[in-house]
Amino acid sequence: MSFAPRSDFPLLAAQPSLFYLDSAATSQKPRVVLDAIRNYYETANANPHRGAYRLSGAATEEYHGARREIARFLGAADADTLIFTRGTTESMNLLATAWGKQHVHRGDRVVVTRLEHHANFVPWQQLARDVGAEFRICELTPDGHVDMDQLRLLVTANTKVVAFGHVSNALGTINDVREIVHIAHAIGAVAFCDGAQGAPHLRVGFDALDVDAYAFSGHKMLGPMGIGGVIAKRALLEATHPYQFGGDMIEFVFDGDTTWNALPHKFEAGTPNVEGAVGLAAAVRYLDGLGMDAVRAHEVALTGYALEQLAAIDGLQVYGPAGAESRSGVVSFTLGDIHPHDLSTMLDVDGVCVRAGHHCAQPLMRALHVAATVRASFYVYNTTTDVDALVASLQKAKARFYAHA
Amino acid sequence: MSAELDELYQSIILDHNRRPRNYRVMDDAHVHADGQNPLCGDQLTIWLKFDGEQISDVSFQGHGCAISKASASLMTATIKGKTRDEAERLFSKFHGVVTGVHPEDAESMGSLKALSGVSRFPLRVKCASLAWHAMHAALAQYATAGEAAPVAPVSTE
């Protein structure tokens with residue numbers, strides 16, 4: 001079931017006995033991404049937007065060319081509504097701080113879901129506390145989906161924003177973005193989507209989703225760390241005050257006041273992360289080469305295989321949706337009463353890299369009544385060999401742990 | 001590496017994890033302190049009772065990985081009857097061994113030697129140390145406030 005060749009990924013190629021199953025935390029990088037970053041510094045590096053010399057023009061073109069490619073990949077026709085940030089965390093903070101402080105007031109309601117990563121939970125919780133708004137959490141159905149009936153009740157006339165994840169990082173649940181957007185829009189609220197776990201695995205199609213903003217992280221989709229962004233509707237961005245102040249984002253600075261530059265610059269203060277943008281553009285070209293429909297098909301097949309193999313281990317409990325079709329390539333589980341950190345240490349000795357812990361989703365873990373789970377997550381370079389190594393190592397760990405019981 | 005796992009998860013550790021000693025709430029304790037590791041959700045409480053300088057009784061409760069639970073259990077079994085100074089010195093020695101700074105001290109730690117395998121797994125030192133940090137906080141509180149006042153939770157993050 002080889003899909004993206006392991007030889008395309010220098011770290012994986014150099015460590016043939018490593019079974020990397022933590023792509024929901026960060027993905028490995030293909031050589032084309034590393035080459036693109038190096039090539040940028042070797043041929044086009046200068047501060048974009050600043051210089052009247054040709055090299056600065058080349059850097060500017062590299063940067064905005066990357067923006068156009070990434071916007072196209074995510075299905076946004078208006079590339080200037082893609083704001084580069086450090087990643088989803090900064091994107092959600094931008095929305096909660098810049099848009100939120102301006103549009104959410106005392107007595108308003110802010111709605112999130114029980115599935116949220118802390119990065120799409122805490123900014124809204126703190127915004128609500130700061131302005132005196134009501135912060136409400138939509139609970140889940142027993143199989144780990146957002147309870148849409150409850151959401152319809154929670155989204156009342158005073159609701160200003162519904163913030164939700166496209167895909168749960170802890171359970172892999174794929175949310176019905178269109179339906180959540182529809183519920184928010186029906187009463188005039190905006191809908192913001194945390195796409196950190198969506199953009200790497202699913203065709204996004206931003207314009208067709210009708211969502212007001214969609215945030216993503218480059219490093220989870222084969223790109224470098226430190227780059228990501230948010231795409232938002234032009235009218236929303238134009239009606240929102242800047243998030244940070246500095247170079248690039250200004251138009252005219254007078255002694256007593258300042259006017260703002262056009263989009264996207266208005267939200268990109270300071271020297272931009274050009275190498276990150278260029279690296280991420282190379283990553284989306286690589287993903288386009290694979291085809292996002294094929295990426296999804298590969299993950300469904302691999303996740304289905306993993307769910308089947310894991311079900312055969314006595315005492316192993318999987319959390320989240322039952323079938324591979326309704327989850328992305330994420331499988332969260334516990335094994336008997338073995339603590340996930342003990343399991344992770346034992347798996348690590350066999351070269352199996354998994355995440356153990358609360359997955360930055362403590363409110364969700366409390367609702368599931370577990371302190372922590374083990375999470376295996378798959379991406380384009382994973383194969384059934386990785387799943388087989390995981391299962392074999394789990395069997396060994398179980399034998400070791402219960403040897404003297 | 002498998003030999004290192006054998007050492008880390010040796011039978012005494014797995015036994016103390018499964019059947020922790022002194023695992024109870026102590027209603028008449030002089031001090032208690034919470035230890036928590038937010039990263040992995042481990043949480044435990046240590047209770048201490050004194051007879052003058054001597055720790056006359058010690059207990060714990062909580063949840064966590066096998067390493068943190070076994071370490072707490074072994075700690076309670078070891079420090080009961082020791083003076084406060086002796087307990088603190090044992091913590092220093094224990095810390096030196098699990099961090100791999102003073103491996104030579106392992107032999108003089110009695111049953112705590114079972115935890116010396118942690119030194120090969122730097123990511124697990126916090127697990128092994130959690131109960132000890134809580135005990136240290138409880139002792140410090142006792143030293144300053146005597147038999148009064150609860151102790152603020154200590155965190156290994």
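Being a predicted model, the structure only gives us computed values, none of them experimental.
Looking at R124(B), only its side chain comes within 4.5 Å of chain A, counting heavy atoms on both sides. For D15(B), no part lies near chain A; criterion is any non-hydrogen pair under 4.5 Å. I13(B) does not touch chain A: none of its heavy atoms, backbone or side chain, sits under 4.5 Å away.
When the candidates H358(A), Q362(A), M365(A), K396(A) are compared by the number of heavy-atom contacts under 4.5 Å with chain B, H358(A) comes out ahead.
Centroid-to-centroid, the aromatic rings of Y23(B) and F60(B) come within less than 6.0 Å. Checked against a 6.0 Å centroid threshold, the rings of H166(A) and H201(A) do not count as neighbours.
Atom-to-atom distance recorded for H145(A):NE2 and N175(A):CG is 7.5 Å, nearest 0.5 angstrom. Going from atom CG of D348(A) over to atom CZ of F19(A) covers 12.5 Å, rounded to the nearest 0.5 Å.
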